[in-house]
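This report concerns only the one structure given below.
Nothing here was measured: the structure is a model prediction, and the numbers come from that model.
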Amino acid sequence: VSDCDRPMSIERERTASLPAMEHDVDDESPPVPTAGTKSRWWRPRSLADRLFVLTIAAAVVPIAVATARAINRQWIPVGDDAFFTLRARDVFTIDHLPLLGTWSSASLTGAQNLNHPGPLLFDVLALPAKLGGGTGLAIGSALINAMALLGIAIVGYRRGGAVVGAAAVAVGAVLAWSMGSEVLFEPWQPHVLLLPFLFFVTLVWAVSCGDLVALPWAAGVGSFVVQTHLSYAILVPLLGLWAVVGAAAVLRGARRRDP
C-alpha cells in the first residue's frame with residue numbers, strides 16, 4: 001500500500017467501526033443496584049439533619065400535649081374565647097358575616113370605640129369551630145401555632161441549611177415550652193399571635209436577605225397579625241418596609257456585581 005492510500009484506508013476503517021461503536025452505546029443499560037449497594041435515598045441522614053428534625057419535634061410536642069390534655073378534660077371556651085367561637089361560626093352566614101375584628105380595649109382610653117382591623121382570625125378558625133365547637137377552636141388555634149413553628153423551620157432551612165433551621169425553630173421551641181399550656185391552644189389574640197409574629201419576623205429576615213420567595217408569605221402572615229390585633233398596626237408595616245428596602249439593596253448589589 002502506498003503512502004497516498006494509507007490515509008484513505010485508515011479513514012475507511014474508522015468509518016466502518018462507527019456503527020459498531022454506536023450500537024454498543026445504545027445497548028448499554030443503566031446499572032442495577034445489587035444487594036450490597038445502597039441508594040442515595042436510603043443513606044443515613046447527617047447529624048445536622050437529625051438535629052433539625054428533633055428540634056421541630058421538640059417545638060411541636062408541647063402544643064400537641066397541651067391540646068390533647070384540653071380535649072381530654074373537655075375544655076370549654078368562656079369569656080372572649082366563647083365569643084371567638086360564635087364569630088368564627090358566623091363566617092358561614094350572610095347576615096352576621098364578620099367584617100372587622102373584635103372590640104379592642106384601646107377604646108377605654110380613646111374617644112370612640114375601636115375594633116381590631118380585620119376578621120382573618122375568624123376566617124382561619126371558621127371550619128374547626130363549625131365542625132368541633134370549643135374542641136375545634138382549640139385544635140384550630142393549636143394548628144396556627146404549629147404551622148408557625150413549621151414555617152420558621154422551613155425559612156431557616158432555606159437560608160442556611162439544617163443548622164440554621166434548627167437554631168431558628170429552637171427559639172420558637174423555647175417560647176412554646178415557656179408560655180404555659182393553655183396559651184398554646186387558646187384563641188385569645190395576645191396569645192395566639194406570639195408564634196405567628198415570630199414567624200413573620202423570620203420571614204422579614206429572609207426577605208431582607210433577598211429571598212423573594214418569602215415576600216408573599218410575609219405579606220400574608222403580616223396581614224393576619226395586623227388584622228388580629230391593633231397593637232401590631234405600626235410594628236408590622238415598619239418591619240415590612242425594612243424587609244423590602246433590604247431586599248432592594250441586596251438585589252441592587254447583585255446587579256452591580258453581575259451586570
Side-chain angles (χ1 to χ4, degrees), residues 33 37-71 124-125 128 138-187 191-225 228 232 235-236 239-240 242-244 246-247 249-251 253-254:
T37 61
K38 290 184 179 180
S39 174
R40 293 185 61 184
W41 177 259
W42 295 107
R43 287 182 181 177
R45 292 180 179 273
S46 65
L47 180 60
D49 290 337
R50 292 176 179 175
L51 177 63
F52 177 64
V53 174
L54 289 176
T55 308
I56 295 176
V60 175
V61 161
I63 300 175
V65 172
T67 307
R69 185 168 56 182
I71 296 172
V124 172
L125 296 176
I139 294 175
S141 303
L143 286 176
I144 291 175
N145 288 323
M147 295 303 295
L149 289 173
L150 183 60
I152 292 170
I154 293 174
V155 173
Y157 190 91
R158 280 179 55 84
R159 294 307 310 155
V163 175
V164 176
V169 77
V171 178
V174 172
L175 189 59
W177 279 93
S178 61
M179 287 195 305
S181 60
E182 191 168 353
V183 179
L184 298 174
F185 62 85
E186 189 180 21
H191 294 168
V192 78
L193 288 182
L194 291 175
L195 291 176
F197 179 70
L198 182 61
F199 180 29
F200 173 72
V201 172
T202 309
L203 288 166
V204 167
W205 163 56
V207 174
S208 64
C209 293
D211 188 358
L212 298 183
V213 175
L215 182 57
W217 291 94
V221 176
S223 178
F224 172 76
V225 172
T228 303
Y232 292 94
L235 184 59
V236 167
L239 289 174
W242 177 41
V244 171
V250 170
L251 294 177

Nearest 0.5 angstrom please: [X] [atom1] to [Y] [atom2], how far?
X	Y	atom1	atom2	value
Leu203	Phe197	CG	CZ	11.5 Å
Asp211	Arg159	CG	CZ	5.5 Å
Leu149	Ile154	CG	CD1	11.0 Å
Leu184	Leu175	CG	CG	8.5 Å
Ile71	Ile139	CD1	CD1	4.0 Å
Phe52	Thr55	CZ	OG1	8.0 Å

Can you find a pair of side-chain heavy atoms, one from [X] and one from [Y], that are under 4.5 Å apart?
X	Y	answer
Asp49	Tyr157	yes
Ile152	Val171	no
Phe224	Leu193	yes

Heavy atoms only: give me the nearest [X]-[Y] pair and the separation to one decimal.
X	Y	answer
Leu125	Ser141	CD2-N, 3.7 Å
Val250	Gly210	CG1-CA, 4.1 Å
Phe185	Asn145	N-ND2, 4.5 Å
Phe200	Ala218	CE1-O, 3.4 Å
Glu186	Val192	O-CB, 3.7 Å
Trp177	Ala58	NE1-O, 2.7 Å

Evaluate the side-chain contact (heavy atoms from CB on, under 4.5 Å) criterion for residues Ile63 and Leu195: first the C-alpha distance (whole Å), next the side-chain angles of each, then the deciding distance (0.1 Å), finally the verdict.
CA-CA 11 Å; Ile63 300 175; Leu195 291 176; 4.3 Å; yes
Donor-acceptor pair, [X] side chain versus [Y] backbone, under 3.5 Å?
X	Y	answer
Thr67	Ala64	no
Ser223	Gly220	no
Trp205	Val155	no

More than 12 non-hydrogen atoms from neighbouring residues, nucleotides or ligands closer than 6.0 Å to CE on Met147, yes or no?
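Not more than 12 within 6.0 Å, no.
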